[in-house]
Every structure is written in structure tokens, then in C-alpha cells.
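Structure record follows, encoded as C-alpha cells.
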Amino acid sequence: MISFFLLTSMVVITMETNPAPKGHLKPLGSHRPSDGHIEILTTVPRPVEFWEKYVSKGEPVLFRGAANISPGLKLWTDEYLLENYGKFKVKIESKLEKDNSPIGAFGIGQDSLQNFIRRYKEDDVYIVSQLPDPMGKDVVVPRCLLCGTIRTRLSEANLWFSSGGTKSLLHRDSDDAINCLYNGTKDWIMIHPKDEGNIPIAKEVLEAYGGFSIIDPERVDLLKHPQFVDVPWKYVNVKAGDCLFIPRGYWHLVTSGGNKNLAVSLLFGRIDNFEPHNCDSTNVDAKMHLTEVGMVWTYDGFGIQTMGNNSPFELNETIHEMCIENLQSRITVEYIMEFLMEELQSEDVRNIVFKEWVDSYEEYVRNAAIQYVTILGDTDQKGYVTCDKVKSLPLDQLKELAQLMSMDPGNTEELEYYSISQKDITNLFIDVLESEISANQLISVEELSNEYLRIGGTEQGALTIVSMLDVNSDNIISKKELLENMNQVVSMYGRIQVFGNGAIMNGVEFDFANRQTNEIPDADEYQKDEL
């Protein structure tokens, strides 16, 4: 009894002397007062000044009213966008970052602009997409980007469009960017990279320049992450017509307001040195539209996007570094293999990603290395290229190599095969086989399609599955047809993106959030039992 009383007293004392920190389980920014608003300019600086004062020092700055000269600020009503750009294909996400991608007119995460405009005020949907090139005629590029190294490194233009009410995770981006707001408001919390040691960061399978924090921005758990109490922050209030410069690596959280929130961001590659070429001869005060300035990565509005692709300029620097390090004055398939292996960071990560394919993942990496060296110029398959051959690679060749290394399935209509696991698709078939639907040995195409939609598939995906299973095209799938062809269907799913160009990992479901793998039900064994 005495021992219990003493223990209870100790607990009470502990609770009284160690209260929850200020801001515990409250929105991010409640843990301490802000250090104020970031710098505001009412005039956009010229390129050299922009580089010297902001880009080179990694300092954010707000250009008040800088986007007011862009035609899109007034032109881009829903009616105008529908009439002039409605046919273009755009990428969509849910408003909650890292949540499942919604289904659009062209599949998971892919919609037409016209379909989006008809639904965005009611549905949980948000455009985060590469800007279709023709829309660039309504975008005036800020003068600070119009000459020198920055202009040559303009990588891509992105479109952000929602009904407001979106809130990002705390994250950092891999490129410098200027975000210009055309509708609504955006409130930003900004944290300097020097303080990231106190930010709990999500560990990603492949190393990345960007990244996000595991902190819940609505309820920051300061008992679980006590070091975050010491993180200072600044804020930015952005209204329509303003442009914000966000340096690469600068941590930020964004809340979008208004019943229509629309912005365009212009990204430029990581630059270590600025060369002012053409700055003397370029009239940076003239209005130059995005269609005149051009970007490294473009998008016609219909094909595969290149949003988030690696910088070909940085890739060129990497190749030159390889030559310096390699005493043989050549780049070999084996050397590239070693380079790519490092991307998987450790044997533990390789085991997670490839699981029972641990013994054969080298074959996958070798194939990627062969493609790499082939693009560099090994057209006769010698297994190497000389360093002399790669000294002055043209931009198109570097872009082809960057595309190999950074293909995001979200840029295509194949995201469905990455989003749905083999476990889910196999369980779907097993459920159908064991249900009353197939009691008479025949399965309705409509019933199977409905079951596929239930697990998050699209109508287009259902049509693909049906075409593979309904061998005799009679709109009825026999149990025999299903059993004989289900493995072919299953093999299309559960893909994992490795090195950017996608790997099909049969039999593996990898939960990136929880870093867990799960076995897939053995379809072959089920097939044997049924047959």
C-alpha cells in the first residue's frame, strides 16, 4: 500500500513538473511566435540583383503585385479556361497531400481540364500539374528570370488549381521556384534549412533532394517530437497578383484560401554560379510571355508529362565527375551499375524493395545501366563510352538520359498499375471465385467490372482486364477463363518505381508510409486447387 502511494505521488509530481510544451497537439506554428513576415518587394529585381541577394543566399522574398501584368490573372475565369483550354489533360490529386489520387477522365490522377472545372467545387480534387504549353501565352515571366544562367535553367512550369481549403505537409522542394498566385490566397509557414536538424523527416527509399516531414501539421505532437519546439519560423501572406520566390531546400507549409485558388509556378535548376550572358542585350523590362521564353521540359497538353524530371544540366555535371573519378577515362556499364546501386542506399532497402528478388535485382540494375550507357553513345554495345565522347553532350541527349532516370508513373495514364497492389487484385479474383456470382461457373463482365471499381480501379482499367479474361469476347467470363488468365492480369499490378523508370515487383506489396512488406496470396496455389 505504501509502495503504491509513493508510486502514485511520483507520477503526479512528474505530470506537474513536465507539462506539455506550448503548441502541443495544435496547428504547426503554435509552438512559438513567428519571427515575422519574409521580405516584401514592390518591384521585381533585375536578374543579377535577384541572384546576388536572394538565389545565391537561399533567401525567400515576396514580389507584391508582380503577376498583375499576366493576362491570365484576369482572363482565367472558369468559362475562359473551358472554352480555350478544356481539352488539355492535367494531373490531379486529392486536397489532402499524400492521400490517394482521385479518378479523372483519363484514369487515376489524370483528368481533362474541362472535367475538372465541372467538378472541382464539389469534389475532393486538386490540379497539381505541368502547365500545358499553349497556356503559357497568358503568363508573363518575372523579369528576374529573363537572362543569364537562370533563363537557360528554367526547367518547367506548373499549374495549381483548387477550390481552396488545401493544406500541404511541411516539406521542401528540390528546385528554386517562383510561385505566382492568380486567384485566392496562400498563407505560408517558412522554415530555414539550417533548422532542419530539429525537423522529423520521413525516410524515403531512394535519396531525394526534396522531402517531407512526418509531423501532422494540424496536431503537432511535441511530446513525440520535442526538438521541434526550438524551430523558428516566418510567415508569408500571398494574395492574387503576388509572386513568391521559394529557394530550394527551404521548408514550407502552404494553406490555400478562397473558393477558387489558382497559381502558376516557374521552376529553375539548382545553380551554383550565375553567368550574366545576354543580360546586357536583353530588355528585361519588356513583357515576355512564357511561350517566348521557353522551358527545358515542355508539355503539349496531351501526351506524357515530364513534371519533376531530373535536371539535364546536373546530370551533365554528374557525368563529368564520373570521368574525373574514373582513371580509365571511360564510363562502363559496371561503373554505372555501382553508381545506381548507391541509389538504393543499403542492402536493407534493397531487401525491402525487391524481397525474394534480392538475388536478381542486379539484373534489373544492369539493364538500367546498359540503357544509360547506350544513351551516352554506346550504340554498338561495347559496354562503355569514352570520356571524350561525353564531353559535350547535346541537351536532347541529356534530356533522354534524365527521362530514363526520373520517369514518374504519375505523369502517365499507368498510375493505376502502381496504385493497386497485387494483393488487392488477387484477393478480388479469389473473392469472385468463392462468391455466388460464379456459382454457375459463369461470371458477368458487369459484376467483375463493378468489383474492380470497388477496389479503386477505373473503368478503363476494367475494360483492359475484361479484354484479357474474356477470351472468346462473349461478355461472359467462365471460371475456366478466369483461372487460366488471372495471373497475367495480376502481373500488371503492384509496380514500384525504382530509378524513376518503374520496376514490376511481382508478389510484393510495399507500404512506403509504414515501411512494411506483405505477402501476396499465392494465385498459383489457388489455381491448382480449383483446377
Side-chain angles (χ1 to χ4, degrees), residues 99-103 107-109 205 350-361 364 409-410 412-473 475-498 502-531:
D99 206 351
N100 293 330
S101 295
I103 296 174
I108 294 179
V205 171
R350 293 197 293 267
N351 290 347
I352 289 174
V353 175
F354 289 88
K355 208 170 186 212
E356 60 262 39
W357 285 267
V358 170
D359 294 334
S360 63
Y361 74 87
Y364 172 76
T412 73
E413 295 179 19
E414 294 194 345
L415 182 60
E416 190 161 352
Y417 303 114
Y418 292 80
S419 302
I420 298 176
S421 70
Q422 290 187 337
K423 182 179 180 180
D424 287 341
I425 195 75
T426 302
N427 280 335
L428 181 151
F429 289 145
I430 291 174
D431 289 345
V432 168
L433 287 167
E434 292 178 343
S435 68
E436 295 181 3
I437 297 174
S438 58
N440 61 357
Q441 304 295 312
L442 297 175
I443 303 157
S444 159
V445 164
E446 181 180 359
E447 289 287 351
L448 184 63
S449 297
N450 288 338
E451 288 299 302
Y452 181 67
L453 295 178
R454 181 182 58 79
I455 67 169
T458 67
E459 293 181 0
Q460 295 95 319
L463 289 173
T464 300
I465 288 177
V466 166
S467 68
M468 296 173 68
L469 297 177
D470 185 16
V471 178
N472 58 9
S473 302
N475 289 324
I476 295 292
I477 301 170
S478 69
K479 184 176 285 189
K480 184 173 184 294
E481 283 178 316
L482 177 57
L483 289 168
E484 288 181 348
N485 297 292
M486 61 187 284
N487 278 342
Q488 183 184 359
V489 173
V490 170
S491 68
M492 297 192 305
Y493 292 84
R495 303 184 187 185
I496 293 176
Q497 183 185 356
V498 181
I504 300 175
M505 302 303 158
N506 298 328
V508 177
E509 181 190 33
F510 184 63
D511 183 343
F512 283 86
N514 298 313
R515 300 182 60 75
Q516 296 174 347
T517 53
N518 298 300
E519 293 285 355
I520 302 300
D522 195 330
D524 287 326
E525 289 301 316
Y526 189 91
Q527 187 181 50
K528 290 175 185 176
D529 293 341
E530 288 292 310
L531 293 175

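When all heavy atoms are compared, the tightest approach of I455 to D424 is CD1-O, 4.1 Å. Across every non-hydrogen atom of S101 and L415, the tightest pair is OG-CD2, 4.0 Å. In terms of heavy-atom proximity, Y452 sits nearest to G461 at CE2-C, 3.6 Å. Of all heavy-atom pairs spanning V489 and F429, the tightest one is CG1-CZ, 3.8 Å.
Note that OG1 of T412 and OH of Y417 are 10.0 Å apart. Values are rounded to the nearest 0.5 Å. Atom-to-atom distance recorded for I443:CD1 and K479:NZ is 7.5 Å, nearest 0.5 angstrom.
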Give the C-alpha distance, both sets of side-chain angles, the deciding distance and a yes or no for side-chain contact (heavy atoms from CB on, under 4.5 Å) between L453 and I103. CA-CA 10 Å; L453 295 178; I103 296 174; 5.9 Å; no
Can you check side-chain contact (heavy atoms from CB on, under 4.5 Å) on L428 and L448, steps first, answer last? CA-CA 9 Å; L428 181 151; L448 184 63; 3.8 Å; yes
Test log, rule side-chain contact (heavy atoms from CB on, under 4.5 Å), inputs E451 and D431: CA-CA 9 Å; E451 288 299 302; D431 289 345; 5.6 Å; no
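With hydrogens and angles disregarded, a donor-acceptor distance shorter than 3.5 Å links the side chain of Q422 to the backbone of V490. The closest donor-acceptor contact from the side chain of T426 to the backbone of K423 lies at 3.5 Å or more, if one exists at all. Side-chain atoms of Q488 never come within 3.5 Å of backbone atoms of M468 as a donor-acceptor pair (strictly under, hydrogens ignored).
Listed by chain and number, the residues in a side chain to side chain contact (heavy atoms under 4.5 Å, CB included) with E481 are D470, V471, N472, I477, S478, N485 (sequence neighbours excluded).
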